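Heads up: numbering here begins at 1 and tracks the sequence. Just so you know, these numbers come straight off a predicted model, no measurement behind them.
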Amino acid sequence: MLNFKKALILFTVCLLAVSPFSLRAADAHEGDSHSQAEEISHHIQHHLQDDHYFSLFVDSEAGVHYGFPLPVILIDNGLKVFSSSEFHHGEHIVEKDGQHYTLFHGKIYKTDAAGTLDMDEHHHPTNAKPLDFSITKNVVGLMLAALLLFIGFISLAKTYKKGANNLPKGAGRVLEPLVLYVRDEMAIPNIGHRYKEFMPYLLSVFFLIFLLNLLGLTPLGFNVTGNITITLCLALFTFFITTFKANKDYWKHIFWMPGVPVPFKFVLAPIEVLGMFTKPFSLMLRLFANITAGHSVVMGLIAIVYLFQQQLTIPGSIGVSMLLTLLLFFLELLVAFLQAFIFTMLSSLFIGMAVEEHAHH
């Protein structure tokens, strides 16, 4: 996969290098290019972040946002519920029960009637933030994924109720091979005879990540698994299941490893304890980094249409952008499945290590 990405980058460089156009432009055009690049960078960063407004696309020239507002739910000296449209995309200050709130870079801060924000040296607001339980864009994505999974698995369950030998219909035909794959290739080999106990979690996390990754490739613009708080929660589930379901042999191999000289046991114990936390950390970071990188590169390739119109002409820039984006899109389809597979496989491996019955030394 890494070699393919390198080849794709090399292909892009070569294509731009041999194209018969001049890389020099007038100062005015350079200024326009810089402003376009900054605007594209802003759009990419905005896409990667969570939002209180579900934006489909924005007409920058007209200043019009196409989408719909989401409910804001705050706890600050009581419950406060209102629509995110009242912020008018961060341009207005919202007053509720004598408290004033402003929206800045997707986060809600307490402020005064003038909307004053105190900044630190890194240009980050230091204002207090209320407890925010809002229905954001990522929450909508999670709800949509949960609804689709619920509908699909209800259909599959109804098929099995009619008889064990009935063939699934509709979405069940797609789900059943994947369910068997998770069971036969991940759960049974890594966990053993206790695999049924952990199948609900493994199936849930596999299909949730896979579906969220696929939704992230649609024009809806979801980036749920590219949010580190989401991947943190998923990794914590694996950590808690591993920790609370672990048997005494697991803890014995961590704190007092059998068959190892006593002096080395004192050295290995802290390393093993650290390993308990590095495992979920790797799960969190791997999923977050791969999805974030994929979204950034795809949007960067789409931006070729705007950045290279003069050098490649409009048809040429559209053609190059579509070709590269299409190639990377198919790669991202593979990554969507691969990241769900890796997360579930490693989770089953960690659980299997915790519940494995070791031979007594």
Strictly by modelled atom types, are Tyr201 and Thr238 linked by a side-chain donor-acceptor pair under 3.5 Å? yes
Evaluate side chain to side chain contact (heavy atoms under 4.5 Å, CB included) for Val298 paired with Thr325, printing each intermediate quantity in order. CA-CA 6 Å; Val298 168; Thr325 304; 4.2 Å; yes
Would you say the side chain of Lys245 lies within less than 4.5 Å of the side chain of Phe198, judging by non-hydrogen atoms? yes
How about Phe237 and Val205: do any of their side-chain heavy atoms sit closer than 4.5 Å? no
Expected output: side-chain Thr116 to main-chain Asp112 donor-acceptor under 3.5 Å: no
Side chains of Tyr53 and Leu70: closer than 4.5 Å at any heavy-atom pair? no
Where the side chain of Lys107 meets the backbone of Leu103, is there a donor-acceptor pair that is under 3.5 Å apart? no
Are any non-hydrogen side-chain atoms of Leu232 and Leu236 less than 4.5 angstrom apart? yes
Less than 4.5 Å apart, side chain to side chain, heavy atoms only: is that true for Asp132 and Leu74? yes
Given 3.5 Å as the limit, does a donor-acceptor pair link the side chain of Glu95 with the main chain of Gly98, or not? yes
Mutual orientation of the aromatic rings belonging to Trp251 and Phe255 [parallel < 30°, tilted 30-60°, perpendicular > 60°]: parallel
For residues Asn190 and Tyr195, is any side-chain donor paired with an opposing acceptor at under 3.5 Å? no
What about the rings of Phe87 and Phe104, do their centers lie closer together than 6.0 Å? no
Side chains of Val355 and Glu197, heavy atoms from C-beta outward: is any pair under 4.5 Å? no
Show the nearest heavy-atom pair for residues His92 and Glu86, with the distance to one decimal. CB-O, 3.5 Å
Judged by atom type as modelled, is there a donor-acceptor pair below 3.5 Å linking the side chain of Thr292 to the main-chain atoms of Ala289? no
Would a distance-only check, ignoring hydrogens and angles, find a side-chain to backbone donor-acceptor pair under 3.5 Å from Thr218 to Leu214? no
Between Thr136 and Asp50, is there a side-chain donor-acceptor contact under 3.5 Å, judged purely by atom types and distance? yes
One pair to check against ring pair (Phe, Tyr, Trp, His ring centres under 6.0 Å): Tyr109 and Tyr101. What are the steps and the verdict? CA-CA 6 Å; Tyr109 295 90; Tyr101 305 98; over 10 Å; no
Without swapping roles, check the side chain of Asn223 against the backbone of Gly216 for a donor-acceptor pair under 3.5 Å. no
Start with the C-alpha distance between Asn127 and Lys110, add both sets of side-chain angles, then the distance that settles side chain to side chain contact (heavy atoms under 4.5 Å, CB included), and finish with yes or no. CA-CA 6 Å; Asn127 296 50; Lys110 299 176 66 173; 5.6 Å; no
Aromatic ring centroids of Phe210 and Phe343 under 6.0 Å? no
Quick one: sort the Tyr181 and Phe341 rings into parallel, tilted or perpendicular, breaks at 30° and 60°. tilted
Does any part of the side chain of Leu117, heavy atoms only, come nearer than 4.5 Å to the side chain of Met119, both counted from C-beta? yes
If you look only at distance, which donor and acceptor atoms sit under 3.5 Å apart when one is on a side chain in residues 170-179 and the other is two or more places apart or in another chain?
unit_1	atom_1	unit_2	atom_2	d
Arg173	NE	Pro168	O	3.0
Glu176	OE2	Tyr160	OH	2.6

Look at atom CZ of Phe281 and say whether more than 12 heavy atoms of other residues, nucleotides or ligands are closer to it than 6.0 Å. no
How close do Pro280 and Ala235 get, heavy atom to heavy atom, and via which atoms? O-CB, 3.3 Å
Thr231 side chain near Ile209 side chain, heavy-atom distance below 4.5 Å: no
Mind checking whether Phe239 and Phe350 have ring centres under 6.0 Å apart? no
Do you know the tightest heavy-atom contact between Thr344 and Leu202? CG2-O, 3.6 Å
Are Thr225 and Asn213 linked by a side-chain donor-acceptor pair shorter than 3.5 Å? yes
